[in-house]
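Throughout, residue positions are numbered sequentially from 1 according to the sequence presented. Every number for a ligand or one of its atoms is a count from 1 in the order of the listing.
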Amino acid sequence: MIELVNLTKTFGSGKTATTVLDDISFTVDAREILAVVGPSGAGKSTLARCLNLLERPTSGQVIVGGEDLTAMGAARLRDARRRIGTVFQSASLLSRRTAAENVALPLEYLGATKASTRARVGELLDRVGLLDKAGHYPHQLSGGQRQRVGIARALALTPSVLLSDEATSGLDPDSTETYLRLLTELRDDLRLAVVFITHEMDTVVRVADTVGRIDGGRIVEHGAITDLVLDP
Ligand code: ADP
Ligand code: ADP
């Protein structure tokens with residue numbers, strides 16, 4: 001599970017300081033999908049980058065597996081960040097690498113052996129239904145397939161948290177449906193805590209267990225999907 005405690009992010013200082021995230025707190029349990037929804041400019045991508053520590057929050061904590069990632073030095077943080085897998089908008093795969101080679105990247109950085117990497121990559125591509133596309137380059141894949149390769153890469157180091165940052169934006173309805181179904185499967189099979197960030201309200205009702213609505217850098221509403229009245 002992942003817990004955000006009083007997270008704030010301020011850019012700049014003095015008179016030009018802008019508070020983009022203001023006292024954000026929530027918990028996502030294992031086997032839960034929290035959808036974070038909100039309009040453009042609400043702070044969603046800043047939240048995503050603070051949540052996976054690509055960016056240091058100004059204050060507050062990001063707690064995963066009982067450990068506060070914001071309190072860690074660079075070396076420990078590098079290790080701990082493995083517990084959070086991220087799927088980015090438009091997947092951000094390396095274009096000169098095949099699907100299999102993209103999924104292998106995190107394992108290579110870790111120094112895994114060729115044989116174990118190959119086995120693991122096969123397992124991951126199979127899980128996202130793309131084993132037959134292992135040798136395809138990103139431009140030979142559809143947008144939806146690229147996002148599923150992105151999921152496989154995000155899962156390579158067996159994270160407990162999966163962060164999906166606007167990953168269905170720009171996908172057609174069928175690809176979106178496949179992506180959402182995969183997320184719910186992963187939630188159940190791998191007991192992941194999933195943070196699903198989106199501006200698309202119609203995807204939320206199909207995938208979320210809980211919803212946090214963000215506006216002006218604050219969580220203005222948070223609860224079970226069944227309790228929320230969702231006005232697009
Ligand atoms: P969203 O993803 O919901 O569209 P963002 O997190 O991209 O929202 O942006 C939220 C607000 O934070 C915007 O008003 C944006 O201008 C501001 N912002 C984002 N990054 C920076 C930055 N590096 N410096 C100053 N302001 C920023
Ligand atoms: P083929 O072109 O023979 O049908 P694939 O499309 O299955 O082969 O794979 C093409 C490329 O992807 C090969 O270079 C292979 O090394 C690589 N590859 C396939 N499966 C895996 C895997 N499980 N792990 C790592 N690389 C793989």
Side-chain angles (χ1 to χ4, degrees), residues 2-28 32-64 69-70 72 74 77 81 84-93 143-144 146-147 150-151 153-154 159 161-172 175-176 179-180 183 192-223 225 228-232:
I2 181 166
E3 192 177 1
L4 268 58
V5 185
N6 305 125
L7 197 83
T8 69
K9 180 67 184 180
T10 302
F11 291 106
S13 59
K15 277 189 178 147
T16 58
T18 320
T19 296
V20 172
L21 298 178
D22 185 6
D23 201 24
I24 304 261
S25 297
F26 59 69
T27 300
V28 190
E32 175 184 340
I33 299 178
L34 168 74
V36 176
V37 293
S40 176
K44 298 184 300 298
S45 44
T46 306
L47 177 65
R49 290 200 307 278
C50 286
L51 193 150
N52 66 17
L53 275 296
L54 278 178
E55 188 136 40
R56 287 274 186 178
T58 306
S59 64
Q61 300 169 305
V62 177
I63 300 170
V64 179
L69 273 62
T70 61
M72 292 179 181
L77 182 59
R81 283 190 66 235
I84 306 170
T86 303
V87 190
F88 299 93
Q89 181 166 15
S90 70
S92 63
L93 304 176
R146 285 199 289 269
Q147 289 306 62
I151 291 185
R153 184 184 55 189
V161 179
L162 186 69
L163 171 64
S164 170
D165 182 13
E166 296 283 6
T168 55
S169 303
L171 294 189
D172 62 63
S175 302
T176 298
Y179 184 94
L180 297 178
L183 273 195
L192 289 174
V194 180
V195 181
F196 178 76
I197 295 182
T198 186
H199 68 280
E200 302 168 318
M201 289 304 293
D202 52 331
T203 59
V204 169
V205 288
R206 299 221 291 283
V207 76
D209 300 302
T210 49
V211 179
R213 190 200 291 271
I214 185 170
D215 204 353
R218 302 183 66 95
I219 297 284
V220 293
E221 197 175 13
H222 182 211
I225 183 86
L228 287 188
V229 181
L230 295 170
D231 299 319

Exercise. In the protein, what heavy atom is nearest to atom 27 (C) of ligand 1, and what distance, to one decimal place, separates them?
Worked result: F11 CD1, 3.6 Å
For this session: For residues L77 and R56, determine if any side-chain heavy atom of one lies less than 4.5 Å from a side-chain heavy atom of the other.
Result: yes
Exercise. Just to confirm, does any protein heavy atom lie below 4.0 Å from atom 5 (P) of ligand 1?
Worked result: yes
Problem set entry | atom 17 (C) of ligand 1: nearest protein contact (heavy atom, Å) | V20 CG2, 3.7 Å
Seminar exercise, completed: One finds that the ligand 1 atoms under 4.0 Å from a non-hydrogen atom of P39 are 3 (O)
For this session: Return the residue, atom name and 0.1 Å-rounded distance of the protein heavy atom closest to atom 9 (O) of ligand 1.
Result: T46 OG1, 4.0 Å
Exercise. Considering only heavy atoms from C-beta outward, does the side chain of T86 approach that of L54 to under 4.5 Å?
Worked result: no
Exercise. Does a side-chain heavy-atom distance below 4.5 Å link D165 with Q89?
Worked result: no
Exercise. When you measure from the side chain of E221 to the backbone N and O of R213, does any donor-acceptor pair fall under 3.5 Å?
Worked result: no
Exercise. Is T10 reaching over with its side chain to a backbone N or O of A17, donor-acceptor style, under 3.5 angstrom?
Worked result: no
Seminar exercise, completed: Test side-chain contact (heavy atoms from CB on, under 4.5 Å), reference L47, set L7, V20, V195, N52, output is L7
For this session: Specify the protein heavy atom at minimum distance from atom 7 (O) of ligand 1: its residue, its atom name, and the distance to 0.1 Å.
Result: S45 OG, 2.7 Å
Seminar exercise, completed: Heavy-atom proximity to atom 14 (O) of ligand 1, picking from S40, G38, G41, points to G41
Problem set entry | Criterion side-chain hydrogen bond (donor to acceptor under 3.5 Å, both in side chains) on S175 and Q147, from CA distance to verdict | CA-CA 9 Å; S175 302; Q147 289 306 62; over 6 Å; no
Exercise. Under 4.0 Å from any heavy atom of A42, which atoms of ligand 1 are there?
Worked result: 1 (P), 3 (O), 8 (O)
Exercise. Looking at ligand 1, does any of its N/O atoms fall within less than 3.5 Å of an N/O of R49?
Worked result: no
Exercise. Counting heavy atoms only, which of A17, G12, G43 is nearest atom 8 (O) of ligand 1?
Worked result: G43
